[in-house]
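Here the structure is laid out as structure tokens; the discussion comes afterwards.
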Amino acid sequence: MTEWIAAHWRSLLLWALGLFAGGVALALLIAYSGIYNVAASAGHHPWLEAFLKMAKDRSVIFNSRSVKAPELEFAEQVPLGAAHFQGTCAACHGAPGQAVNPVYAHMLPHPPDLQIHAAHWTRAQLFWIARHGIQFTGMPAWSGTGRDDEVWAVVAFLEMLPSMTEADYRHHAGGHSEARNYSAKELVSAGRPRLDLTACSRCHDTTEAAPTSPYIPRLGGQDQSYLKRALQEYRDDSRQSGFMEPVADDLDDEQIDRLSAYYAALSPASSPVSRSASVEERERGRQLAEQGDRARKIPACLSCHTEKGREDYPRLAGQSEPYLRQQLQVFRRGVRDKTPHGAMMSVVAKRMTEQQVLAAASFFASRPWQAAAFPAGAEKEKDSRP
């Protein structure tokens, strides 16, 4: 047999090339003729459905091999992932106690019920799907370029979803927001406002409660100029966040002004619990905040990030240590260098060592929250460093 193939390999190659060219020509002819029905209502033939599923599954398995899945902090990340899922994913995939919107239920292929199907994928595979999306389906890639940290929060939620009850899901996805029954007049004139899906209190602080996750920033007491700038940067895609971009994109200039004014005047709730840090580490953070590091060309953090600093810069005192640490890592990766403010901070963050990142985050998390402004004659809060 081997000798026969060796003697006739040229003929076999020509036959193979001819069959391939004939197959391509036939496929082009069928496509050009319009015989194949591409209507979603027609569905897929069983053989095509099986082929597409096999191709999708094998592609996800193959391409996710390089993903290094970290240990997840479920208690901290699940609320963040759940709130995002409710606002952007549940309409297609459904959720505990929520049926799929009829429009999305007629998509082809049909979006899977993730309370059932999420368990079929590994942690790395779930990340790859959420991060990159799936071609030839309605599953988009993650909108926040470079924000893998956000994707892992969604993965943490998806791993918990199969075991969630309806009450569990409402608790995690609802955050501090409250369901509201609209009057008939409101429904007739305005319909059901989208605020139910994009309410800021689903994640952020209120006068009674801190943010639902330590990876979410406190907004109460921040300067209005900074809050306005941040929302505008999310809206025009110059500041990357798969969580915030869809929300900010729905806001017009007037709404941004009103939201920034509201949070600037909001009295923040109690301070978050910080990671236990040594006295030495916080002292290093204090020195970095007050004096900087001349050898590494790092300016003092408090020259900008304090109530005496620039109005369009954020106040850092009282933010959680995980959030501050995460944002410094985002700056170090160059994810936030698309704006003048972000570019300046990226340069500074890239000069910081890992130890300085931890020290600075621990120091600011240990300080009492400082409001953007103080009443005339009032005594300002004192430093709470050890």
Side-chain angles (χ1 to χ4, degrees), residues 80 83-84 86-88 143-144 147 150 174-180 182 186 189-213 215-269 304-319 323-324 327 330-331 335-345 369-376 378:
L80 186 54
H84 176 74
Q86 173 63 18
T88 59
S143 60
R147 295 305 304 273
E150 295 181 332
H176 304 314
S177 64
E178 297 180 0
R180 176 186 166 194
Y182 298 96
E186 289 175 313
S189 62
R192 182 179 178 182
R194 293 191 63 187
L195 186 64
D196 282 352
L197 296 182
T198 58
C200 306
S201 60
R202 296 173 63 80
C203 297
H204 291 287
D205 48 311
T206 67
T207 53
E208 294 82 23
T212 59
S213 167
Y215 289 99
I216 298 171
R218 288 172 171 270
L219 303 184
Q222 290 285 359
D223 194 279
Q224 183 175 353
S225 298
Y226 168 69
L227 294 170
K228 181 177 179 179
R229 173 170 68 82
L231 286 170
Q232 290 172 337
E233 289 174 352
Y234 284 129
R235 187 178 62 180
D236 64 20
D237 197 33
S238 59
R239 180 170 174 175
Q240 297 300 306
S241 172
F243 292 149
M244 281 302 303
E245 288 178 46
V247 177
D249 187 67
D250 255 358
L251 302 174
D252 58 31
D253 290 339
E254 180 183 357
Q255 291 169 328
I256 287 178
D257 288 339
R258 290 165 59 189
L259 277 174
S260 57
Y262 169 80
Y263 276 107
L266 183 70
S267 299
C304 294
H305 297 286
T306 179
E307 74 277 5
K308 296 181 180 179
R310 293 184 47 164
E311 294 181 348
D312 55 348
Y313 277 53
R315 313 292 188 251
L316 303 184
Q319 295 287 7
Y323 172 73
L324 294 171
Q327 289 301 303
V330 170
F331 278 118
V335 176
R336 289 187 56 180
D337 60 0
K338 304 301 186 296
T339 65
H341 296 83
M344 286 189 291
M345 189 60 209
W369 181 262
Q370 298 170 340
F374 291 87

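Just so it is clear, the structure is predicted and the values come from calculations on it, not from any experiment.
- The two residues Asp205 and Leu219 have their closest heavy-atom pair at OD1-N, 2.8 Å.
- The shortest non-hydrogen separation linking Arg218 to Ala210 is NH2-CB, 3.4 Å.
- With respect to Lys228, the side chain to side chain contact (heavy atoms under 4.5 Å, CB included) criterion is satisfied by exactly one of Asp253, Asp257, Asp223, Leu259: Asp257.
- Note that CD of Glu311 is 12.0 Å distant from CG of Leu227, once rounded to the nearest 0.5 Å.
- Pairing each heavy atom of Gln224 with each of Ser260, the nearest pair is CG-OG, 3.5 Å.
- His204 is listed as a side-chain neighbour of Tyr263, based on a closest heavy-atom distance under 4.5 Å.
- Under a 3.5 Å cut-off, the side chain of Glu150 and the backbone N or O of Gly242 do form a donor-acceptor pair.
- A donor-acceptor pair under 3.5 Å is absent between the side-chain atoms of Gln327 and the main chain of Tyr323, judged by distance alone.
- Within the model, atoms OH of Tyr226 and CG of Leu231 stand 9.5 Å from one another, a figure rounded to the nearest 0.5 Å.
- Contact check for Lys338 versus Arg239: no side-chain heavy atoms found under the 4.5 Å cut-off.
- Of all non-hydrogen atoms in Gln255 and Asp252, the two that sit nearest each other are N-OD1, 2.8 Å.
- Checking side-chain atoms of Arg315 against main-chain N and O of Tyr313 turns up a donor-acceptor pair under 3.5 Å.
- Shortest non-hydrogen contact noted between Thr339 and Gly342 is OG1-N, 3.0 Å.
- Atom CE of Met244 and atom CD1 of Ile216 lie 10.5 Å apart (nearest 0.5 Å).
- In this structure, SG in Cys203 is found 10.0 Å from NE2 in His84, a value given to the nearest 0.5 Å.
- Side-chain contact check for Leu80 versus Phe243: some heavy-atom pair is nearer than 4.5 Å.
- Minimum heavy-atom separation, Ser177 to Ala199: CB-CB, 4.3 Å.
- At distances below 3.5 Å, at least one donor-acceptor pair connects side-chain atoms of Arg229 with backbone N or O atoms of Asp312.
- A heavy-atom distance below 4.5 Å is not found between the side chains of Asp337 and Met345.
- Leu266 CG to Thr206 OG1: the interatomic distance, rounded to the nearest 0.5 Å, is 7.0 Å.
- Under a 3.5 Å cut-off, the side chain of Arg202 and the backbone N or O of His176 do not form any donor-acceptor pair.
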